[in-house]
There are 2 protein chains.
Amino acid sequence: MKAAKRTKLESKGWKLGSTADFLELTPEETAYIELKFALSKSLKERRTREKLSQNDLAKMVKTSQSRVAKMESGDPSVSVDLLVKSLIALGASPKDLAKAIA
Amino acid sequence: MKAAKRTKLESKGWKLGSTADFLELTPEETAYIELKFALSKSLKERRTREKLSQNDLAKMVKTSQSRVAKMESGDPSVSVDLLVKSLIALGASPKDLAKAIA
DNA sequence: TGCGCCTATGTCAGATATGACATATTCTGT
DNA sequence: ACAGAATATGTCATATCTGACATAGGCGCA
């Protein structure tokens, strides 16, 4: 992750990934955030693979394009619940979810 | 699941598990709920294995005994976020989480 | 029986996540 | 370079989740 991006994230709500030492993150917080990133990444991959726009996915999950963008960018305002629901909507099975996070 | 329990759940917020046909649940809702149950079960197993009371765990996660009880009972008011955070607090690794849900 | 301890259930004010909207930025093809 | 589509960012009212509290039920033990 680039320093600029990191600083930007830090300046807002975040705290993340490989910057655990730099910021004040407990191992638990780190693990939680990394889990979210793994789900985000998986979501973007799936959507892209299906050749859907964020708008398309938004309609499938009954949310808005902007929230989909936030999901995929790992925005702190997005819950694991929403990520999981969205992945399921894209056809992810429990095993798929397991693979995404392990 | 026993009919009495099912009816009780139905009468409140729920909808669940093997009763997808009986209630009006989309496959997506079913998958989501079953995921939550898998996490609930895993949480209870871990806590029990560590010989911790719900109160002990509550303090570890900075919540209350009653919320822990709700987590373990699959109460609809509990988010996947909270379940995941609690499991992580109990030392669950990404792989452990993956195993729990797959 | 009575007494701790643990767990379950209900409720609620405050905290957080949500969808929607506006708008900005980046991308893609021409 | 331009237009149009896709994606990103900011904000906000409302919906949902949260911790805390009260209280009830259960279980072993003296």
Side-chain angles (χ1 to χ4, degrees), chain A residues 1-2 4-15 29 32-33 35-37 39-41 43-89, chain B residues 2 4-16 29 32-33 35-37 39-41 43-89:
Chain A
M1 161 168 291
K2 297 190 215 78
K5 175 84 171 174
R6 179 202 298 160
T7 304
K8 192 169 184 192
L9 287 169
E10 184 195 3
S11 72
K12 308 204 212 158
W14 262 152
K15 291 188 164 186
E29 288 172 326
Y32 173 70
I33 290 172
L35 176 73
K36 281 181 65 168
F37 267 61
L39 293 174
S40 293
K41 198 179 152 209
L43 180 65
K44 186 161 198 169
E45 279 173 6
R46 269 187 179 263
R47 180 182 62 80
T48 303
R49 195 186 318 144
E50 308 276 342
K51 302 206 192 300
L52 297 168
S53 69
Q54 291 183 344
N55 233 317
D56 295 334
L57 176 55
K59 276 162 196 160
M60 292 170 67
V61 191
K62 292 206 177 106
T63 181
S64 57
Q65 177 271 323
S66 63
R67 190 136 300 278
V68 172
K70 281 168 213 205
M71 284 190 229
E72 292 183 352
S73 72
D75 190 286
S77 81
V78 173
S79 71
V80 170
D81 286 68
L82 190 57
L83 287 166
V84 165
K85 282 180 184 168
S86 301
L87 279 163
I88 290 174
Chain B
K2 296 191 215 75
K5 174 86 171 174
R6 179 202 298 161
T7 304
K8 191 169 186 192
L9 287 169
E10 185 196 3
S11 70
K12 308 205 214 160
W14 263 150
K15 293 185 161 186
L16 73 78
E29 289 172 324
Y32 174 70
I33 290 171
L35 174 72
K36 281 181 65 168
F37 267 61
L39 293 174
S40 292
K41 196 179 152 209
L43 180 66
K44 185 161 198 168
E45 278 172 6
R46 270 188 179 263
R47 179 182 62 80
T48 303
R49 195 185 320 143
E50 308 275 342
K51 303 207 191 299
L52 297 168
S53 69
Q54 291 183 341
N55 234 319
D56 295 333
L57 175 55
K59 276 162 197 160
M60 292 171 66
V61 192
K62 292 202 176 109
T63 182
S64 57
Q65 177 270 323
S66 62
R67 189 137 299 273
V68 172
K70 285 176 225 283
M71 285 191 228
E72 293 183 351
S73 71
D75 189 288
S77 82
V78 174
S79 70
V80 170
D81 287 68
L82 189 58
L83 286 166
V84 166
K85 282 179 185 170
S86 300
L87 278 163
I88 289 174

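Here is how names work: the chains are called A, B, and so on, in the same order as the sequence lines, proteins then strands, and each is numbered from 1. In this text the structure is predicted, and so the values were computed from the model without any measurement.
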Practice task
Describe the nucleic acid contact of B:Val78 in one word from base, sugar-phosphate, nothing, applying a heavy-atom distance below 4.0 Å.
Solution key: sugar-phosphate
Handout entry: Interatomic distance where CG belongs to A:Asp81 and C1' belongs to C:dT16 [whole Å]
Key = 12 Å
Practice task
Locate the shortest heavy-atom distance separating B:Ser40 from B:Met71; write the atom from each residue and the value.
Solution key: OG-O, 2.9 Å
Practice task
Rounded to the nearest angstrom, tell me the gap between atom CD in A:Glu72 and atom C1' in D:dA8.
Solution key: 11 Å
Practice task
Whole angstrom is fine here: how far is it from NZ in B:Lys59 over to C1' in D:dG19?
Solution key: 14 Å
Exercise for the section: Send over the distance from A:Met71 CE to C:dT18 P, rounded to a whole Å. Expected result: 8 Å
Exercise for the section: Check the distance between D:dT16's C1' and B:Leu83's CG and give it to me in whole angstrom. Expected result: 15 Å
Problem - Integer-rounded Å distance: C:dA17 C1' and B:Leu82 CG - result: 14 Å
Problem - Distance, rounded to the nearest Å, where A:Gln54 contributes CD and D:dA6 contributes C1' - result: 7 Å
Problem - Donor-acceptor pair under 3.5 Å, A:Lys70 side chain vs C:dG19 base - result: no
Completion exercise
On a heavy-atom basis, the closest approach of B:Leu57 and B:Leu43 is CD2-CD1, 4.0 Å
Handout entry: Distance-only donor-acceptor check, side chains B:Ser77 and B:Asp75, under 3.5 Å
Key = yes
Exercise for the section: Identify whether any heavy atom of A:Ser79 sits under 4.0 Å from a base atom; if not, whether one sits that close to sugar-phosphate; answer base, sugar-phosphate or nothing. Expected result: sugar-phosphate
Exercise for the section: Assign A:Lys44 to base, sugar-phosphate, or nothing according to its heavy-atom contacts below 4.0 angstrom with the strands shown. Expected result: sugar-phosphate
Practice task
With heavy atoms under 4.0 Å as the rule, sort B:Ser53 into base, sugar-phosphate or nothing.
Solution key: sugar-phosphate
Exercise for the section: Starting at CD of B:Glu72, measure out to CG of B:Leu83 and round the result to the nearest 0.5 Å. Expected result: 9.5 Å
Practice task
Check every atom of C:dA8, D:dC17, D:dG19 against the side chain of B:Arg67 and return the nucleotide holding the closest atom.
Solution key: D:dG19
Practice task
Assess whether one donor atom and one acceptor atom, taken from the side chain of A:Ser66 and the base of C:dC21, lie less than 3.5 Å apart.
Solution key: yes
Practice task
Tell whether B:Gln65 reaches the base of C:dA8 with its side chain through a donor-acceptor pair below 3.5 angstrom.
Solution key: yes
Exercise for the section: Select base, sugar-phosphate, or nothing to describe what A:Lys85 touches, counting heavy atoms under 4.0 Å on all strands. Expected result: nothing
Handout entry: Validation row: B:Lys41, B:Phe37 side chains within 4.5 angstrom (heavy atoms)
Key = no
Problem - B:Asp75 CG - C:dC12 C1' separation (whole Å) - result: 15 Å
